[in-house]
Q: 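Okay, here's the structure, questions in a sec.
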Amino acid sequence: MKAILFNRPGAPDVLYYGDAPIPAPAPGELLVRVRATALNRADLLQRSGGYPPPSGASSILGLEIAGDVVESAEGFRAGDRVMGVVTGGGYAQYATIPAGMAIPIPEGWTFEAAAAIPEAFLTAHLNLFTLGQLHPGETVLIHAGGSGIGTAAIQLAKAAGGRVFVTAGSDEKRALCRSLGADETIDYKTESFAQRVAELTDKRGVDVILDFVGAPYWDANLSSLAVGGRLLLIGFLGGAVGQLNLGSILPKSLTITGTTLRRTPLTQKVALTQDFITRFYDRLVDGTLKPVIDQVVPLQEAASAHRRMHENRNAGKIVLRIED
């Protein structure tokens, strides 16, 4: 099969289109002919040597797939169209996925649209609800609102009855966030988000924060949380090291959690997938929830797609189309 490969860590130029063996499905897994996949920040980190795959996972990049089943298992038949999160191997013509993590692609959807769903929406679901315990009527601050996870989190939080604030760095991305249901948008380049949150909440603060930035936002995040607030750390785009002030954690009874979906145990990922299907699949079918796609490019152009994401030029998901 054809796949995107690299022999050494480095810049996007280390990626090349080459040959790799077709993976063999383990018991309970589906073999899927992949028709589309999508980029995630984890792919850029792995390519540069900063995020090795878990033990036993494919070394090929790619954490989500959309395609048709070749070898069936546990409720799926050959020819069924599925999408889902994988621990690796998405940038290839074939990949395996545990049957419990495969999500049927809604009728009428393209593979490209389906590929933009799994990682973004399951990560957002994990952090907003499983870990963040967001309840109807609560307020959430979503950083990087124009990202793949950000655009998914806006939609899920609104669907669950939340009030949504987002940060984004361009007029276009803020307009996109508002179109998805964001109640307030904050230009992090020209405004203090902590000050804006204080103004918007009459100094109460928000209940949940989803943060991709890390150390530079630590103090402002803690000051922006209400009593009993929850901070979910899902990335360190701004760095992981800084001066740490713990002063507000105890008096405000704050909860701080870090997680990566890729390293979540399989049983928990299956449970997460099934919970997402139960709670939100009908909203995908009726169009209430929708993928946000920045661009679709052939798999062979993965390097240019990585550059676009690295430069933070994408709004929504960058999808790779995989052809015969």
Side-chain angles (χ1 to χ4, degrees), residues 27-30 32 36-38 40 63-69 72-77 79-87 90 95-111 113-140 142 148-164 180-181 207-208 210 230 232 234 255 257 259-292 317:
E29 290 186 335
L30 310 174
V32 176
T37 185
N40 292 280
L63 300 180
E64 55 197 327
I65 60 171
D68 33 62
V69 175
S72 58
E74 297 183 17
F76 290 94
R77 298 176 299 178
D80 287 347
R81 296 176 356 122
V82 298
M83 57 186 176
V85 168
V86 292
T87 54
T96 60
I97 183 171
M101 293 184 63
I103 303 171
I105 296 175
E107 186 175 353
W109 279 38
T110 65
F111 288 117
I117 290 292
E119 180 74 18
F121 277 81
L122 288 179
T123 297
H125 188 283
L126 171 65
N127 285 278
L128 287 173
F129 306 118
T130 307
L131 301 175
Q133 295 293 303
L134 181 68
H135 297 294
E138 290 192 319
T139 303
V140 57
I142 300 167
I149 295 174
T151 55
I154 292 168
Q155 296 180 71
L156 292 179
K158 288 301 292 183
R163 184 185 182 198
V164 179
L180 296 172
D207 300 289
V208 174
L210 266 60
R230 289 85 74 193
L232 289 306
I234 54 179
T255 299
T257 304
T259 185
T260 62
L261 180 58
R262 188 180 197 182
R263 297 185 184 279
T264 299
L266 177 59
T267 55
Q268 294 179 30
K269 287 193 287 190
V270 169
L272 172 69
T273 301
Q274 297 306 311
D275 186 45
F276 174 77
I277 291 172
T278 299
R279 188 168 182 179
F280 290 113
Y281 186 78
D282 287 347
R283 293 176 182 262
L284 292 175
V285 173
D286 68 18
T288 305
L289 301 176
K290 57 187 178 182
V292 177
K317 299 286 287 188

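Values below: all heavy atoms of this structure, side chains included; hydrogens, waters and symmetry mates excluded.
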Q: Compare all side-chain heavy atoms of Phe129 with those of Leu156 and state whether any distance is below 4.5 angstrom.
A: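 Phe129 vs Leu156: side chains touch.
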Q: For the pair Tyr281 (side chain) and Pro104 (backbone), establish whether a donor and an acceptor sit closer than 3.5 Å, ignoring hydrogens and angles.
A: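 It does hold such a pair.
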Q: Rounded to the nearest 0.5 Å, what's the gap from CG on Leu272 to OG1 on Thr267? Could you check?
A: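 Here the interatomic distance stands at 11.5 Å.
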Q: Would a 4.5 Å heavy-atom cut-off, applied to side chains only, mark Glu119 and Ile149 as touching?
A: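 Answer no - side chains too far apart.
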Q: Quick one: does Met83's side chain get under 4.5 Å of Leu284's, heavy atoms only?
A: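 Yes. Closest side-chain heavy atoms under 4.5 Å.
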Q: Run through Val85, Thr123, Ile97 and flag the one making a side-chain contact (heavy atoms from CB on, under 4.5 Å) with Pro118.
A: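 The passing option is Val85.
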Q: Give a yes or no answer on whether the side chain of Thr37 reaches the backbone of Glu64 with a donor-acceptor pair at less than 3.5 Å.
A: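 Side chain of Thr37 to backbone of Glu64: a pair is present.
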Q: In Å, rounded to the nearest 0.5 Å, how long is the span from CG of Leu126 to CD1 of Ile234?
A: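 Answer for the CG-CD1 pair, Leu126 versus Ile234, is 9.0 Å.
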Q: Should we say atom NZ of Lys158 is surrounded by more than 12 heavy atoms from elsewhere, each under 6.0 Å from it?
A: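 Atom NZ in Lys158 is packed in, count exceeds 12.
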Q: Does a side-chain heavy-atom distance below 4.5 Å link Thr259 with Leu232?
A: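 No, their side chains stay 4.5 Å or more apart.
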Q: Identify the heavy atoms of Pro98 and Leu266 that sit nearest to each other, and give their distance.
A: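 For Pro98 versus Leu266, the nearest heavy atoms are CG-CD1, 3.7 Å.
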Q: Going through the checks in order, is the side-chain contact (heavy atoms from CB on, under 4.5 Å) test met by Lys269 and Thr87?
A: CA-CA 11 Å; Lys269 287 193 287 190; Thr87 54; 3.2 Å; yes
Q: To the nearest 0.5 angstrom, please state how far the CG atom of Leu122 sits from the CE atom of Met101.
A: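 The distance works out to 7.0 Å.
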Q: Looking only at heavy atoms, what is the nearest atom pair of Pro291 and Trp109, with distance?
A: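 Closest approach of Pro291 to Trp109: CD-CH2, 3.7 Å.
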Q: Could you tell me which non-hydrogen atom of Ala120 sits nearest to which non-hydrogen atom of Gly148, and how far apart they are?
A: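 Smallest interatomic distance, heavy atoms only, reads CB-O, 3.4 Å.
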Q: A side-chain contact here means heavy atoms from C-beta on lying under 4.5 Å apart; do Arg230 and Thr257 qualify?
A: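 Arg230 vs Thr257: side chains apart.
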Q: Once rounded to the nearest 0.5 Å, what's the spacing between atom CD1 of Ile154 and atom CG of Leu289?
A: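 So the gap between those two atoms works out to 12.5 Å.
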Q: Do Gln155 and Arg283 come close enough that some side-chain heavy atom pair is under 4.5 Å?
A: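 Side chain of Gln155 against side chain of Arg283, heavy atoms only: no contact under 4.5 Å found.
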Q: Looking only at heavy atoms, what is the nearest atom pair of Ala114 and Ala66, with distance?
A: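 In this case the closest contact between Ala114 and Ala66 is CB-CB, 3.8 Å.
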Q: Contact between Phe121 and Phe276 at the side-chain level, heavy atoms closer than 4.5 Å - yes or no?
A: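 Yes, side chains in contact.
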Q: Locate the shortest heavy-atom distance separating Lys317 from Ala38; write the atom from each residue and the value.
A: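 Looking at all heavy atoms of both residues, the shortest contact is CE-CB, 3.7 Å.
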Q: Tell me whether Arg279 contacts the main-chain N or O of His125 through its side chain, where contact means a donor paired with an acceptor under 3.5 Å.
A: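 Not at all, since once roles are kept as given, no pair shorter than 3.5 Å links the two residues.
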Q: Taking all atoms of both residues into account, what is the closest heavy-atom pair of Leu30 and Ser72, and its distance?
A: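 Scanning both residues completely, I find the closest heavy atoms to be CD2-C, 3.9 Å.
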Q: Quick one, His135 and Asp207 - any side-chain contact, counting heavy atoms below 4.5 Å?
A: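 In short, these two side chains do not touch, never coming nearer than 4.5 Å.
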